[in-house]
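Structure record follows, encoded as structure tokens.
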Amino acid sequence: MLKVVADTNVYISAILFGGKPERLRVLARERRITLLVSEDILAEIALILKRKFDWPDTQIDYTLEGLRAITTLTTPREQLNIIADHEPDNRFLECAVEGKADFIVSGDKRHLLPVKEFRGIRIITVGAFLDLIEE
């Protein structure tokens, strides 16, 4: 089974708008992929839902509980500093390395997607990932 790390904007898009990012959550729920996550990634999702979208804590907790049910939690042991322009994006690399991910799925055209590959882990868009696995 493919192991995948999704970045925060993919989760936020899935939660708020559906579409292709939601398809990724459905694949994880159906156990067709293993969706890897870390506490740092979950914390960033919570922070964005709170700050940018003014969600109440109870709604955030409920949403994170749902994510925990369909993801596999990793605890990265290696701290990376590959993406200097936006240091928090290194959390996705750390999660992917620790979980031995096959892919990082991202919409981040400025920081993550330009890396293209890290330690054999491909970094691609949600659309490209879905095209690959749903052929």
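Note that this is a predicted model, so its numbers are computed, not measured. If you read the sequence from its start, that first residue is 1, and numbering goes on from there.
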With D89, the side-chain contact (heavy atoms from CB on, under 4.5 Å) member among E44, H111, E94: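 Per the side-chain contact (heavy atoms from CB on, under 4.5 Å) rule, the option paired with D89 is H111, out of E44, H111, E94.
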Nearest 0.5 angstrom please: [X] [atom1] to [Y] [atom2], how far?
X: I123; Y: F118; atom1: CD1; atom2: CZ; value: 8.5 Å
X: I70; Y: E65; atom1: CD1; atom2: CD; value: 12.5 Å
X: L80; Y: I82; atom1: CG; atom2: CD1; value: 5.5 Å
X: L113; Y: I104; atom1: CG; atom2: CD1; value: 10.0 Å
X: E30; Y: L27; atom1: CD; atom2: CG; value: 6.0 Å
X: F129; Y: R122; atom1: CZ; atom2: CZ; value: 10.0 Å

Step by step, work out the side-chain contact (heavy atoms from CB on, under 4.5 Å) result for L73 and V37. CA-CA 5 Å; L73 187 67; V37 73; 4.1 Å; yes
Between T74 (side chain) and P76 (backbone), is there a donor-acceptor pair under 3.5 Å? no
So, E22 side chain and F17 main chain: donor-acceptor pair closer than 3.5 Å or not?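 No.
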Identify the two heavy atoms, one from [X] and one from [Y], that lie closest to each other, and give their separation to 0.1 Å.
X: A69; Y: R31; value: O-NH2, 3.3 Å
X: N9; Y: G107; value: OD1-N, 3.3 Å
X: G120; Y: E117; value: CA-OE2, 3.5 Å
X: A6; Y: I41; value: O-CG2, 4.4 Å

Are any non-hydrogen side-chain atoms of [X] and [Y] less than 4.5 angstrom apart?
X: I12; Y: K52; value: no
X: I121; Y: V5; value: no
X: L64; Y: I45; value: yes
X: L49; Y: Q59; value: no
X: E78; Y: E98; value: no
X: L2; Y: T34; value: no
X: D102; Y: V4; value: no
X: I33; Y: L24; value: yes

Same apolar cluster: [X] and [Y], side chain cutoff 4.5 Å:
X: I133; Y: V105; answer: yes
X: L16; Y: I60; answer: yes
X: L132; Y: L35; answer: yes

Could you give me the CA-CA distance, side-chain angles and deciding distance for S13 and V10, then say whether side-chain contact (heavy atoms from CB on, under 4.5 Å) is met? CA-CA 5 Å; S13 293; V10 172; 5.9 Å; no
Any ring-ring contact (aromatic ring centres under 6.0 Å, His included) involving residues 29-77? Give me the pairs, sequence neighbours left out, ordered by first then second residue.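 Counting only pairs at least two positions apart or across chains, no ring-ring contact (aromatic ring centres under 6.0 Å, His included) contact touches residues 29-77.
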Any salt bridge between E39 and R68, counting N to O under 4.0 Å?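 Answer for the salt bridge query: yes.
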side-chain contact (heavy atoms from CB on, under 4.5 Å) assessment of L36 paired with T71: CA-CA 6 Å; L36 303 170; T71 57; over 6 Å; no
Apply side-chain contact (heavy atoms from CB on, under 4.5 Å) to residues F92 and D108 and explain how you reach the verdict. CA-CA 12 Å; F92 305 107; D108 184 348; over 6 Å; no
